[in-house]
Every structure is written in structure tokens, then in C-alpha cells.
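Proteins get letters first, then strands, A, B, ... in listed order; numbering begins at 1 in each. A quick note: this is a predicted structure, and the numbers were derived from the prediction, not measured. Side-chain atoms are counted along with the backbone in the values below, which use heavy atoms only and exclude waters and symmetry mates.
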There are 2 protein chains.
Amino acid sequence: MEEGTSKSLTHPEGTKAAAPADHDNDARQWDVREGCEVRQILDRVADKWSLLAIALLDRRVLRFTELRREIDGISQRMLTVTLRQLERDGLVRRTVHPVVPPRVDYELTPLGVTLHDTIQALVTWTEEHQTEIAAARAAYDERDTESGTP
Amino acid sequence: MEEGTSKSLTHPEGTKAAAPADHDNDARQWDVREGCEVRQILDRVADKWSLLAIALLDRRVLRFTELRREIDGISQRMLTVTLRQLERDGLVRRTVHPVVPPRVDYELTPLGVTLHDTIQALVTWTEEHQTEIAAARAAYDERDTESGTP
DNA sequence: CAGTATCCCCAGTGATACTG
DNA sequence: CAGTATCACTGGGGATACTG
């Protein structure tokens, strides 16, 4: 369960992590390289299950099984792993009730809520532009097809 | 290169894709399931290399090799694949100059620029909250450590 | 220079079984 | 109910070699 040791990434980028090829521009100063903090979060957001979990937990308190049921395509293992990651990042709060049978509640932390909010912007962008993207893909595939079958 | 056929997903979610357990809330109506359009885009954004490429191409026109040099950790193969995906989605424009030696320019399309802009918000969020997240992780790992070595 | 084609590996994920 | 432990498999991605 330890990953803080940076395990085996693609390759050791080492020290130049904060020294891009150029920095005379105001954009692309993101520094979104693998080792970066930004990348860590982005990877979380990127994660299929994390995103679903955050979406489902928005303004709700759910139990393990409830989440499992709602996401439903997810396996026990992945739900656990996902929840643990989110908990570790302080995005989700896990509350164990010392009762029998066991009851564990999951909910977004305030930080998690702000992330949800930000992601919402991205989702909105997608919804607003999905037509354009679909068109672009169609055009691309079209080109591909016509050159393949003259 | 075909994914419109939905290949072999986790399992057939079927018809209830648009019917969550409840829908009396205004949030979580995202519908970010695997098959969804939103997920397709999110996956693109999520992609490590795509993100870097978009970042690097912001307000610039770069050649294949230039991109390769700037991303540097990337392999030829992945740069090609990434660029093709972005091109297909209409986010990046590929211009082939019929000269010798060959010259191909890459640049963001207007659509790509708007995506960059949106992603920027997410990156900003990350930068603003990375301290909190780091703290959360430290706290989590701390708990983990102290219970592991009493 | 700008790719395409191949081979290969291993990290992430699902399936299954066991436990407090 | 809410996990943890194990195993097995798949495909995403790197390394390498070849081409227009």
C-alpha cells in the first residue's frame, strides 16, 4: 500500500523537474510532469472510479455497499482502493461506526467538494463541446475511410 | 484505432445507464460512465501525455521533434499516438509541409485552446490546494506508520 | 525529419476466497 | 457489512528497428 516511495516511474527525470526547456512564456508553465503534485491530482481526477465516486458522493453520505451498488460496475477491491486514495488525499471522509453489523460512511470533505466543483467545469466544457468533438472524430474517420477504400 | 464499438468494457451496464438509484438531487447528474462522451474526453484530459502536449502547444506551433524534445520523457510511439488522438478529437491541427526533409507542424485548434483554458482551472485548483492535499497525505501516512510501529 | 511496425513487459484491474 | 489477501490476465506503453 506504499506509493510514497515514487516507485518505478517511466524513467528518472530527476532534478530538472522544475526547469523546463524555456520559461519566457506565461503559458505552459504548468509543470505537469509525472513527478509533480499537479500530476498526482490530475491522475486522481483522471481515474475512472475516483470520478464516479466523487460524483456520487456529492452532497451525500453513503455506505460502502451503497456506493458499490450505485457504481455497480466496480469490484470490491477497486472500490476499496479508490476510496482509500480519496481518503488519503483528504477528499473523502471515512467514518467507522462501532456497531454490529459494521457501518462505514463515506462523504466528501470540504476540499472534496471544491474539487467536485472544479471538475464540474470540465464536465460542462465537455458537454458544451461534445458535438464539435464528435464532428471532428467523424471527419477524421471519414478521411481515413475514403483513403482506405477508393 | 476503433473504439466506437465500445469494445469489451467492464461489463454490460445496459439500459439503466441513465437511471441512477435516485435523481431528486441537482448534482451527480453528470453521467460520467465509461461509455459516455464525457468519459471519452475526460480520459483524454486524464492522459499524461495529452495533457503535456496541450500544455506545450499552448500559443505555439511546434514540430514533431521539438515536441519530442520538450516532453522528452515520451517515446516516439506515444508522441505519435497522442498527437493522433488529439488531432482526431479536433484539439490539435497537424500541418504537413511538402518539403524535404519533411516538416510537420502541430498547433492547438481554437477548440483545443478552450480546453486548455478549462484545464487551466483544474491545474489552478491543484496548485491552490496541493498543500492541503500534501498535509492530508502526510497525516494519513502518519496514522498508518504509528499504528504499524507501536 | 517524421513517422510505422514489432516485440515485450509489468502495473492495474477483475475474480475469487477468506475474516472481523 | 466491510473489508483484506491472492492469483491470473490484459493491454497500455517502452525499446528497438525499419522506411518514405
Side-chain angles (χ1 to χ4, degrees), chain A residues 1-3 5-13 34 43-44 46-53 61-88 92-107 144 147-148, chain B residues 1-3 5-13 34 43-44 46-53 61-88 92-107 144 147-148:
Chain A
M1 291 292 184
E2 78 302 326
E3 72 305 81
T5 48
S6 80
K7 38 178 162 178
S8 63
L9 291 174
T10 308
H11 73 147
E13 305 231 343
E34 354 191 347
D43 284 343
R44 189 98 321 138
D47 188 59
K48 170 171 64 180
W49 302 125
S50 292
L51 202 62
L52 262 323
V61 177
L62 295 176
R63 297 166 59 176
F64 189 86
T65 306
E66 292 175 332
L67 270 169
R68 189 153 135 73
R69 200 190 337 273
E70 294 218 35
I71 302 187
D72 138 290
I74 200 172
S75 62
Q76 278 185 349
R77 181 185 145 78
M78 287 318 294
L79 181 53
T80 301
V81 170
T82 300
L83 253 16
R84 284 291 182 283
Q85 289 177 332
L86 293 174
E87 186 194 359
R88 190 175 108 101
V92 161
R93 168 138 68 143
R94 177 169 176 269
T95 309
V96 180
H97 299 278
V99 299
V100 44
R103 178 190 179 108
V104 180
D105 288 339
Y106 290 93
E107 63 191 306
D144 211 45
S147 68
Chain B
M1 291 294 184
E2 78 304 324
E3 73 305 80
T5 49
S6 80
K7 37 179 164 179
S8 62
L9 292 175
T10 308
H11 74 146
E13 306 227 344
E34 355 191 344
D43 284 344
R44 188 99 319 137
D47 188 59
K48 170 171 64 179
W49 301 125
S50 292
L51 202 63
L52 261 324
V61 177
L62 294 177
R63 297 168 58 177
F64 188 87
T65 306
E66 292 175 332
L67 270 169
R68 189 152 135 73
R69 200 187 341 270
E70 294 217 37
I71 302 187
D72 140 285
I74 201 172
S75 62
Q76 280 184 349
R77 180 185 143 79
M78 287 319 294
L79 182 54
T80 301
V81 170
T82 300
L83 253 16
R84 284 291 182 283
Q85 290 177 333
L86 293 174
E87 186 193 0
R88 191 174 107 100
V92 162
R93 169 137 68 140
R94 177 170 175 267
T95 308
V96 180
H97 299 279
V99 298
V100 43
R103 178 191 180 107
V104 180
D105 288 339
Y106 291 92
E107 63 192 307
D144 211 47
S147 67

Atom [atom1] of [X] and atom [atom2] of [N]: how far apart are they, to the nearest Å?
| X | N | atom1 | atom2 | answer |
| --- | --- | --- | --- | --- |
| A/Asp105 | D/dG3 | CG | C1' | 15 Å |
| B/Phe64 | C/dT4 | CZ | C1' | 10 Å |
| B/Asp47 | D/dG14 | CG | C1' | 14 Å |
| A/Met78 | C/dG12 | CE | C1' | 7 Å |
| A/Asp43 | D/dG12 | CG | P | 16 Å |
| B/Gln76 | D/dT16 | CD | C1' | 10 Å |
| A/Leu79 | C/dG14 | CG | P | 11 Å |
| B/Ile74 | C/dG3 | CD1 | C1' | 13 Å |

Close side-chain approach of [X] to [Y], heavy-atom, < 4.5 Å:
| X | Y | answer |
| --- | --- | --- |
| B/Asp47 | B/Asp43 | no |
| A/Glu107 | A/Thr95 | yes |
| A/Leu52 | A/Thr82 | no |
| B/Pro102 | B/Val96 | no |

| Quick one: on DNA chain C, does B/Glu66 or B/Arg77 contact a more 5' nucleotide (nearest heavy atom)? |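 Of the two residues, B/Glu66 wins.
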Proximity to the side chain of [X] - top-ranked nucleotide from [options]:
| X | options | answer |
| --- | --- | --- |
| B/Ser75 | D/dA17, D/dG14, D/dT6 | D/dG14 |
| A/Lys48 | C/dT4, C/dG14, D/dG13 | C/dG14 |
| B/Arg94 | C/dA17, C/dG3, D/dC1 | C/dG3 |
| A/Val104 | C/dT13, C/dG3, D/dG3 | D/dG3 |
| A/Pro102 | D/dG20, D/dG14, D/dA2 | D/dA2 |
| A/Thr80 | C/dC1, C/dG14, D/dT4 | D/dT4 |

So, does [X] get its side chain near the phosphate of [N], meaning an N or O under 4.0 Å from OP1 or OP2?
| X | N | value |
| --- | --- | --- |
| A/Arg84 | D/dG3 | yes |
| B/Tyr106 | C/dC1 | no |
| B/Arg63 | C/dC1 | no |

| How many angstroms lie between CD in A/Glu66 and CD1 in A/Ile71, if you round to the nearest 0.5 Å? |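 Output value for this atom pair is 12.0 Å.
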| task | Drop me the distance from B/Leu79's CG to B/Arg84's CZ, to the nearest 0.5 angstrom. | result |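 Result: 9.5 Å between the selected atoms.
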| field | Identity of whatever pairs with C/dA17 - Watson-Crick or G-U, under 3.5 angstrom | value |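 D/dT4 is the nucleotide pairing with C/dA17.
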| request: May I ask you to say what A/Arg103 touches in the nucleic acid, namely base, sugar-phosphate or nothing, with a heavy-atom cut-off under 4.0 Å? | output: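 Answer is sugar-phosphate: A/Arg103 comes under 4.0 Å of backbone atoms only.
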| task | Remember a base hit wins even if backbone is also touched, and classify A/Thr65 as base, sugar-phosphate or nothing at under 4.0 Å, heavy atoms. | result |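 A/Thr65: backbone/sugar contact only, no base atoms under 4.0 Å.
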